[in-house]
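The sequence lines fix the lettering, A, B, ..., with proteins before strands; numbering per chain opens at 1. Note that this is a predicted model, so its numbers are computed, not measured. What's counted below: heavy atoms across the whole structure, side chains too, no hydrogens, waters or symmetry copies.
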Protein chains: 2
Amino acid sequence: MNPTAGRSRDPSRGRERATRILDAAEDLLLRHGARRVTVEDVAVGANIGKGTVYLHWETREKLFAAVFDRAVARAMSELLVAMRTRPSTCLPHQFAHDYFLAVMHRPLLRGLLLADPELLGRLARQHDPAWDERHHLVSERYFRLLAEYGVLRAELGADEVAYAFQATFEGFVRAEGELTRSESAAPPAAAQPAATTLERRADLLARTVELAFEDSRPVTTDDLRSLAADVVDLFTDLVDRRGFADLVDLVDRAELGAPAAS
Amino acid sequence: MNPTAGRSRDPSRGRERATRILDAAEDLLLRHGARRVTVEDVAVGANIGKGTVYLHWETREKLFAAVFDRAVARAMSELLVAMRTRPSTCLPHQFAHDYFLAVMHRPLLRGLLLADPELLGRLARQHDPAWDERHHLVSERYFRLLAEYGVLRAELGADEVAYAFQATFEGFVRAEGELTRSESAAPPAAAQPAATTLERRADLLARTVELAFEDSRPVTTDDLRSLAADVVDLFTDLVDRRGFADLVDLVDRAELGAPAAS
DNA sequence: TTTTGACCGGATTTGAAATCTGGTCATACG
DNA sequence: CGTATGACCAGATTTCAAATCCGGTCAAAA
């Protein structure tokens, strides 16, 4: 059907195709949920053969994970841009605020984190230990950095703040899920949940983080700039390695041929 | 089989029997999970006939809910005792600390809140709207009280604090679940989660709540005593109405006969 | 009047056949 | 020569009916 089938001349072709697959998958995922989306659906949606999908991801699950990863990477990139523009974004309270909103504005992430069980199926349960480990490592380094720059309350260990921050953040995220769940079950015009707008709830989270974990003494502008640069590096590393690792790998393999194969 | 079958003379008999049923149910629930426990199992465990169970609760689900309620009521009672002994327990950070521990020390509540899906089945999903409403109401009043006594940060509305407190508390509870889950999946001797003991984690929660929500100016001893009394009243009301409402109702009906019936 | 357990019907489980779909690979194509 | 494809396979999932189970009732016993 596709007249341009066969070997492609353009080296960026594979990458472009990969994103097209991801786009198709994301769209279908969002509309029908992981359970109802087949690899063939995705292939059709991307105007390619089913087998081609497997030239990019070795597994359906990994394809879906890549969709998720891309969304995370995009949210992260958004934050990184913000961090470069406004260094204070790297402070925990700003970070929590912006990350919270970045996640909540993405239907895919929102759906996954609120664990709408239908939307992404067992993908939510897909606890990739490698990701957890990396996430843990980055979080650890982030808070260690903050501690070194004197941003954190001195009486708390960086690892303790990391733990408490994580718990608090997740608490606000889950509360968000509770909201959407109860608002869909339309209560009899009562129980308006206090913090009415998403913005307000993000503010509440930010305040909580700031007051609970940050030292009240402000950081100097220079320190802040330097810290922001460090944090940007740290997270850039995370995004690069995680967000597109598989994709890049496979695109390279597809475009350049397997280097070490016989 | 029971030689004392038939009409009982002792009016406290029904109540005693009800607790025996609850005990049996709790034991079985804890050991086998809601899915595997039948009403007959409970009846056998309590040495009574199956039909008798239905003299106390009109439904299996309500029986199980009563088990849960009793556990909550006991945790609450524990807190109420503490509050009378040490009025500062009614301050949000102390309250969070103690309630957190009270819950985590009860396998039934721990299991339910950590949503071990096997342990209590759909009971976890059993969102009794009446309970939610009451819970919401009590929480609202509690924080309003705190605000009136000047315990809360002045710049935050009582309802906002209620929201944020709930989110934070649940975040720490869920983090606890994450811990037990990952420790059972024995990671390769790495990733020790910073806050090593339950106590420490409770402290972390308490600190977070105190710094984020409470005014830094201490309350006078008199005010604190008065506040504690009010809070005790408020929660006593909750426990009385909720914890044993059904049970008391039915025991009364069983012991005294339906008062308004023909 | 209280307690009981046999009994009923809907809900759940079981098991086997039918269907679907993730993943492979021989082939077509440039 | 290497890429793209879709027919194909096996295992997973779904279907559907029969068998079983169990929540809840109620006539009878104590």
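A straight line from CG of A:Leu28 to P of C:dG22 spans 12 Å, rounded to a whole angstrom. Atom CG of B:Leu55 is separated from atom C1' of C:dT4 by 10 Å (rounded to the nearest Å). Rounded to whole Å, atom C1' of C:dG22 lies 14 Å from atom NZ of A:Lys62. Atom CH2 of A:Trp57 and atom P of C:dG22 are 15 Å apart (whole Å).
Applying the side-chain contact (heavy atoms from CB on, under 4.5 Å) rule to A:Glu133 yields no partners; only residues at least two apart in sequence or on another chain are considered. With sequence neighbours excluded, the residues forming a side-chain hydrogen bond (donor to acceptor under 3.5 Å, both in side chains) with A:Thr38 are A:Asp41, listed by chain and number. B:Ala96 meets the side-chain contact (heavy atoms from CB on, under 4.5 Å) test with B:Phe165, B:Phe169, B:Leu205, B:Val209; sequence neighbours excluded. Every side-chain contact (heavy atoms from CB on, under 4.5 Å) that A:Arg141 has, sequence neighbours left out, goes to A:Leu137, A:Leu234. By the ring-ring contact (aromatic ring centres under 6.0 Å, His included) test, B:Phe100 pairs with no residue at all, sequence neighbours left out.
At the phosphate of D:dT5, OP1 or OP2 sits under 4.0 Å from a side-chain N or O atom of A:Thr52. Of the side-chain N and O atoms in B:Arg17, one or more sit less than 4.0 angstrom from OP1 or OP2 of C:dT3.
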Any N/O pairs under 3.5 Å between the protein and nucleotides 22-25 of chain D? List them or say none.
residue: D:dG23; atom: OP1; partner: B:Arg60; partner atom: NH1; Å: 2.9
residue: D:dG23; atom: OP2; partner: B:Val39; partner atom: N; Å: 2.8
residue: D:dG23; atom: N7; partner: B:Lys50; partner atom: NZ; Å: 3.1
residue: D:dG24; atom: OP1; partner: B:Thr59; partner atom: OG1; Å: 3.2
residue: D:dG24; atom: OP2; partner: B:Tyr54; partner atom: OH; Å: 3.3
residue: D:dG24; atom: OP2; partner: B:Arg60; partner atom: N; Å: 2.6
residue: D:dG24; atom: N7; partner: B:Lys50; partner atom: NZ; Å: 3.1
residue: D:dG24; atom: O6; partner: B:Lys50; partner atom: NZ; Å: 2.1

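Checked against a 6.0 Å centroid threshold, the rings of A:Phe235 and A:Tyr99 do not count as neighbours.
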